[in-house]
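The figures that follow rest on heavy atoms only: side chains count, while hydrogens, waters and symmetry mates do not.
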Amino acid sequence: NNVEMEETMAMIYHVTAIDILKILGYTEPTGKKELEIFEKENNLKLPRLLFEFLSLAKDNPLLGTADIWNFPYFSYEDIEERIEEDKEYWEENPESCAEDEYFAFSQIPVEQWSNYVANYLQIGSDYAAGVVNFGICVEDLTQENPPVYILNEADTLKDWNMFYHTLSDYLMSVLCDVLVCVQYHTAKRVLQKKGWNFFEYKNLEDVQKQLSQRNIDLSAMKKYPSLYGEDEFYRCCYCEEEKACFVITNNVALLMLQ
């Protein structure tokens, strides 16, 4: 039987986050109209990859605790809101203005902010703590697969740093963190209700047995870093015959969704 399985199992190694959402049954672009309005109001086009993912993400219970938002907004909006909130405080406590970064921006016309910091389309944050934001530089939105930057709340507004070289890597990392329930058990609860079974193998011998039976080639899959754990990474593939998704963590743990 194992020999037959090795011969017949056809693995799809190059799956995207959008592919996986659709495999799991999330095919309705519930956020499409809202995103089209957003594009029109802001006179821009979102990268197709982001547009399609967010279209499927809106009100999606699978992503309820994910590190990505249903809807993006700009970092300049954050600055404007903070300035509006703090105006009264600054008037009552003028001595606090000297070292307040937001006060400094309040003294500069919005049209000149780009001389000091780029505007970022913020697309997510760490759901558990909410101390970092993820965003795409507005100037990069014309790219098909732009890099994703990170800003920690403890840093200055100018300290956006590249975190993922591509948007596709960020989306896969976010989704894999969700599927393996790294922080929350949302995926297990939601997907089991939809009829998906979770088979988890955390013993190295069991993992190797499962991979060997299906002749799964780890080297054929790209690595996606987890947002949780500096050295954590995932590999993903899909078997059409078994109707099963495979997520391998650090080559030593396996999740099979079937």
Colleague: Which heavy-atom pair separates Met221 from Cys236 by the least distance, and what is that distance?
Modeller: SD-O, 3.1 Å
Colleague: Is there a continuous path of hydrophobic side-chain contacts, each under 4.5 Å between heavy atoms, that joins Leu167 to Val178?
Modeller: yes
Colleague: Counting heavy atoms not belonging to Glu88, are there more than 12 under 6.0 Å from its CD?
Modeller: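 It does not: Glu88 CD has 12 such atoms or fewer within range.
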Colleague: For the residue pair Lys158 and Val117, what are the closest heavy atoms and their distance?
Modeller: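 Minimum heavy-atom separation between Lys158 and Val117: CA-CG2, 4.0 Å.
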Colleague: Roughly how far, to the nearest 0.5 Å, is the CE atom of Met256 from the CD atom of Glu242?
Modeller: 6.0 Å
Colleague: Identify the two heavy atoms, one from Cys237 and one from Tyr13, that lie closest to each other, and give their separation to 0.1 Å.
Modeller: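 Minimum heavy-atom separation between Cys237 and Tyr13: CB-CD2, 3.8 Å.
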Colleague: If I compare all heavy atoms of Pro225 with all of Ser173, which pair ends up nearest, and what's the gap?
Modeller: O-OG, 2.6 Å
Colleague: Report the relative orientation of the aromatic rings in Tyr116 and Phe105; use parallel for angles under 30°, tilted for 30 to 60°, perpendicular for over 60°.
Modeller: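 Tyr116 and Phe105: perpendicular rings.
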Colleague: Hey, is NZ on Lys194 packed in by over 12 heavy atoms from elsewhere, all under 6.0 Å?
Modeller: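 Enclosed.
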Colleague: Please determine whether the number of non-hydrogen atoms from other residues, nucleotides or ligands lying under 6.0 Å from atom CD of Gln107 exceeds 12.
Modeller: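 Result for CD/Gln107: enclosed.
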Colleague: Might you work through the side chain to side chain contact (heavy atoms under 4.5 Å, CB included) test for Phe74 and Leu121, ending with a clear yes or no?
Modeller: CA-CA 5 Å; Phe74 298 101; Leu121 182 71; 3.7 Å; yes
Colleague: Has the side chain of Asn145 got a donor or acceptor atom that lies under 3.5 Å from a matching backbone atom of Ser168?
Modeller: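 Flag set: sc Asn145 to bb Ser168 pair under 3.5 Å.
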Colleague: Measure the spacing between CG of Leu191 and CH2 of Trp196 and express it to the nearest 0.5 Å.
Modeller: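 Atom-to-atom, Leu191:CG and Trp196:CH2 are 8.0 Å apart.
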Colleague: Do Tyr120 and Asp78 pass the side-chain hydrogen bond (donor to acceptor under 3.5 Å, both in side chains) test, and can you show the C-alpha distance, the side-chain angles, and the key distance before you say yes or no?
Modeller: CA-CA 10 Å; Tyr120 289 82; Asp78 261 352; over 6 Å; no
Colleague: How far does CG of Asn251 sit from CD of Gln208, to the nearest 0.5 angstrom?
Modeller: 9.5 Å
Colleague: Rounded to the nearest 0.5 Å, how far apart are CE of Met11 and OH of Tyr238?
Modeller: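 Rounded to the nearest 0.5 Å, the CE-OH separation comes out at 10.5 Å.
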Colleague: Would Thr16 and Asp19 satisfy side-chain hydrogen bond (donor to acceptor under 3.5 Å, both in side chains), going step by step from the backbone distance to the final call?
Modeller: CA-CA 5 Å; Thr16 68; Asp19 291 335; 3.1 Å; yes
Colleague: Take atom CD of Glu240 as the centre, draw a 6.0 Å sphere, and report whether it contains more than 12 heavy atoms from other residues, nucleotides or ligands.
Modeller: no
Colleague: Kindly determine whether Val207 and Val252 satisfy side chain to side chain contact (heavy atoms under 4.5 Å, CB included), including the steps that lead there.
Modeller: CA-CA 7 Å; Val207 171; Val252 296; 6.0 Å; no
Colleague: Go through it in stages, so that I can follow the logic: the residues are Arg189 and Tyr184, the test is side chain to side chain contact (heavy atoms under 4.5 Å, CB included), and I'd like the CA-CA distance, side-chain angles, deciding distance and then a yes or no.
Modeller: CA-CA 10 Å; Arg189 173 176 51 80; Tyr184 302 93; over 6 Å; no
Colleague: Which pair of non-hydrogen atoms, one from Thr249 and one from Val180, has the smallest distance, and what is that distance?
Modeller: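 In this case the closest contact between Thr249 and Val180 is OG1-CG1, 4.0 Å.
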Colleague: Going from CG on Leu227 to CD on Glu232, what distance comes out if it is rounded to the nearest 0.5 angstrom?
Modeller: 11.5 Å
Colleague: Should Tyr164 and Phe134 be marked as a ring-ring contact (aromatic ring centres under 6.0 Å, His included) after you check the CA-CA gap, both sets of side-chain angles, and the distance that decides it?
Modeller: CA-CA 10 Å; Tyr164 285 94; Phe134 302 105; 7.1 Å; no
Colleague: Taking all non-hydrogen atoms of both residues, which atom of Tyr234 and which atom of Cys176 are closest, and how far apart?
Modeller: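 Minimum heavy-atom separation between Tyr234 and Cys176: CD1-CB, 3.3 Å.
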Colleague: Find the distance between CD (Gln112) and OG (Ser114) and round it off to the nearest 0.5 Å.
Modeller: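 The OG atom of Ser114 is 8.5 Å from CD of Gln112, to the nearest 0.5 Å.
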Colleague: Establish whether Val138 and Ile108 are linked, either directly or via other cluster members, by ILVMFWY side-chain heavy-atom contacts under 4.5 Å.
Modeller: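 In one cluster with Val138: Ile108, no.
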Colleague: Please tabulate, for side-chain N and O atoms in residues 44-61, each donor-acceptor pair with protein atoms closer than 3.5 Å (sequence neighbours left out).
Modeller:
{"from": "Arg48", "atom 1": "NH1", "to": "Glu52", "atom 2": "OE1", "distance (Å)": "2.7"}
{"from": "Glu52", "atom 1": "OE2", "to": "Lys22", "atom 2": "NZ", "distance (Å)": "2.8"}
{"from": "Ser55", "atom 1": "OG", "to": "Phe51", "atom 2": "O", "distance (Å)": "2.7"}
{"from": "Lys58", "atom 1": "NZ", "to": "Glu34", "atom 2": "OE1", "distance (Å)": "3.0"}
{"from": "Asn60", "atom 1": "OD1", "to": "Leu62", "atom 2": "N", "distance (Å)": "2.9"}
{"from": "Asn60", "atom 1": "ND2", "to": "Leu56", "atom 2": "O", "distance (Å)": "3.2"}

Colleague: I'd like to know whether CD of Glu139 has more than 12 heavy-atom contacts from other residues, nucleotides or ligands below 6.0 angstrom.
Modeller: no
